[in-house]
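No experiment lies behind these values; they were computed from the predicted model shown.
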Amino acid sequence: MTDLHLPLRRLARCLPGLLLLAGCASPPAPTALAQADTLIHGGLLFDGGNSDGRIADVAIRGDRILAVGPDLRRRYRATREIDATGLVVAPGFIDPHTHPDTYLRSPDPAMRRLLPWLHQGVSTIFIGIDGGGTPDVAAERAKLEAAGTGTNVAAYVGLGPVRSRVLGQDARAPDADELARMRTLVADAMCEGAFGLSAGLFYAPQSFASTDDVVALAREAAIRGGVYDTHQRDESSYSLGLMGSVEEALEIGRRAHLPVHIAHIKALGADVHGSAGAVIARIERAHAQGQRVTADQYPWLASSTSLGAALLPRWAVDGGRPALFERLDDPATAARIRDDMRDNLQRRGGADAILMTGSGWPWSARTLQQFADGAGLDPIEAALRIIGEGGTGRTGSAQRIASFNMRRDDVDLFMRQPWVLTASDGGDGHPRQHATFPEKYARFVVQDQVIDLAAFIHRSTGLTATTFGLADRGFLRPGHYADVLVFDPDAYAPKADYVRPHVLSEGVVHLFVNGVATIDAGHAAHALPGRMLQHRPPPGTCP
């Protein structure tokens, strides 16, 4: 029986083909096409890895990428097809350092679309940077989720609010109980989904924290799988110097056992121009010793901060703004403040190198020197007038400035490093809020060829997602969230500048955030599909 059944089985398998050849059977029905919501086809696709582009398609269903590959129209039927021929298709850009409060906290849904970022192709932003992140991460997430946002949002817990909640604005060390309370705030914030501890050691009152204090808090982030993101204590020669500040950042990472990410890496001011090579060499040595160190950078020669943070000595703002003005009322102390301000002004390149941004003040859109000349004042007296009349910030002045204090060769050298990401540091009054990613593309990729297109996209997408542990984002891969950018390589360009910082960039044709179109055929959609992303600490590290 066994011998008989074997040829019968073979005959059964062959019979349909024989009948078809004889004209006795119909051909098999064509395979049904799978359903997709959106199919983007024919574009030059960069998947977020550090590799060259290829012609390939992307199929989206719901909030996920369904498939990536050639000729997907043979496999999928889509509700909508987008012909991306001649366009670049990439993951949505990730901006790891932003100041979006004007937009993100607005009661107006149109503002919360975050158009400055969407029109650059950004689908995810980080908040709480420079040590400013609230410890109340869960409450922050709930509030933003209820309001709705145009991009995804990831948050840090910040040294500033943690320290202020326990120590106020005072320049003193915490006692054991106070340090324990601060450690608990960081630990709880990490368990609520913060991606790490952010510090802004250049700014008071964070500048009053010792290295040991920061290490103790960073350990709580390390235990729960976070990173240490730092605005360095000194990017110039204000205190311990640029190289000393890099050493401190690396020391904090080593002692706390967590990755170090240096925010907006730069050599700021004439005293440290030409230092990029030495900084890079020191970080490369840390890499060789097994330490995880990355940085981000914006492609501008002018930084942005408040006038008070740029010029006032830190000791003068111990106790906050009221204490500053008490000191200015004492002639001897006021003279010391003025002397230190002159030194800081020299570090910044002089009064001609400081441009007042914003609007509505007599000094707006003028350099400090121009305002001083018009008012008949010495630049330091002009600065103190601005701080007194136009400032409410903790460091003495809310007046934002563009400070022209970087050298192009340093910027280029940092940008070439494979561990340096793209970030805007985007806040009101500086064109980097509206134009960082297209500025980097137009000037440093296309015009000057400092880096190539693949590196630009990788360091704006996949590398950023990997650095900060953004699960299922930053790459065009099946199963990943459908944050997908389509831009015109001939039209993608910045339109904002230092005089007109709020002009939206051009060249983004389509941008999907979690599968929803936020830029559609070049126009912003009325959609708020962004999500509050949540870091997942290792099992057993949270209650």
Side-chain angles (χ1 to χ4, degrees), residues 97 128-137 155-192 194-236 238-264 286 291-293 309 312-320 323 394-395 535 537 541-542:
H97 194 102
I129 44 74
D130 292 340
T134 175
D136 304 320
V137 175
Y156 286 116
V157 56
L159 172 62
V162 166
R163 182 180 172 91
S164 296
R165 192 168 293 188
V166 176
L167 299 177
Q169 304 297 303
D170 298 340
R172 66 177 181 85
D175 60 29
D177 178 65
E178 290 168 333
L179 185 59
R181 288 164 57 195
M182 288 194 286
R183 290 178 62 180
T184 297
L185 287 171
V186 173
D188 289 348
M190 290 298 303
C191 290
E192 292 181 1
F195 280 81
L197 173 69
S198 174
L201 298 178
F202 177 70
Y203 300 108
Q206 297 180 69
S207 57
F208 306 140
S210 70
T211 302
D212 289 344
D213 293 345
V214 181
V215 168
L217 301 182
R219 281 178 180 150
E220 300 299 330
I223 290 168
R224 293 157 186 88
V227 302
Y228 173 61
D229 177 275
T230 179
H231 181 309
Q232 296 186 75
R233 195 181 294 271
D234 196 348
E235 298 171 327
S236 183
Y238 279 92
S239 54
L240 73 170
L242 173 59
M243 293 307 300
S245 182
V246 171
E247 289 289 353
E248 181 188 40
L250 298 177
E251 178 187 349
I252 290 167
R254 284 195 309 272
R255 290 174 58 190
H257 304 292
L258 82 174
V260 172
H261 183 76
I262 297 175
H264 41 64
Q291 192 169 2
R292 288 180 57 191
V293 186
L312 289 169
R314 293 298 170 266
W315 62 265
V317 294
D318 176 10
R394 289 178 178 175
T395 57
H535 170 68
T541 60
C542 291

Any chance you could measure [X], atom [atom1], to [Y], atom [atom2], to the nearest 0.5 Å?
X: Arg163; Y: Asp213; atom1: CZ; atom2: CG; value: 6.5 Å
X: Phe202; Y: Arg314; atom1: CZ; atom2: CZ; value: 4.5 Å
X: Met182; Y: Asp177; atom1: CE; atom2: CG; value: 10.0 Å
X: Cys542; Y: Met190; atom1: SG; atom2: CE; value: 8.0 Å
X: Thr541; Y: Ile223; atom1: OG1; atom2: CD1; value: 8.5 Å
X: Leu242; Y: Arg233; atom1: CG; atom2: CZ; value: 14.0 Å

For this session: Tell me, with the steps shown, if Val162 and Val157 meet side-chain contact (heavy atoms from CB on, under 4.5 Å).
Result: CA-CA 8 Å; Val162 166; Val157 56; 3.9 Å; yes
Problem set entry | is_close_aromatic(His261, Tyr228), centroid dist under 6.0 Å | no
Treating [X] as the side-chain partner and [Y] as the backbone partner, does any N or O pair qualify as donor plus acceptor under 3.5 Å?
X: Asp234; Y: Gly241; answer: yes
X: Glu220; Y: Leu217; answer: no
X: His535; Y: Ala155; answer: no

Exercise. Is it the case that His264 and Glu235 place a side-chain donor and acceptor less than 3.5 Å from each other?
Worked result: yes
For residues [X] and [Y], determine if any side-chain heavy atom of one lies less than 4.5 Å from a side-chain heavy atom of the other.
X: Arg292; Y: Val227; value: no
X: Glu247; Y: Met243; value: no
X: Ile252; Y: Thr211; value: yes
X: Leu201; Y: Leu159; value: yes
X: Pro135; Y: Val186; value: no
X: Val260; Y: Gln291; value: yes
X: Leu185; Y: Val166; value: yes
X: Ile129; Y: Tyr156; value: yes

Do you know the tightest heavy-atom contact between [X] and [Y]?
X: Ser198; Y: Gly131; result: OG-N, 2.8 Å
X: Ala256; Y: Val215; result: CB-O, 4.0 Å
X: Leu179; Y: Pro174; result: N-CB, 3.9 Å
X: Ser245; Y: Gln232; result: OG-CB, 3.0 Å

Exercise. Any Lys/Arg nitrogen of Arg165 or Asp136 sitting under 4.0 Å from an Asp/Glu carboxylate oxygen of the other?
Worked result: yes
For this session: Taking only Lys NZ, Arg NE, NH1 and NH2, and the carboxylate oxygens of Asp or Glu, determine whether Arg172 and Asp318 approach each other closer than 4.0 Å.
Result: no
Problem set entry | Heavy-atom neighbours of Arg183 CZ exceed 12 at 6.0 Å |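 No, because the 6.0 Å sphere around CZ of Arg183 holds 12 heavy atoms or fewer from other groups.
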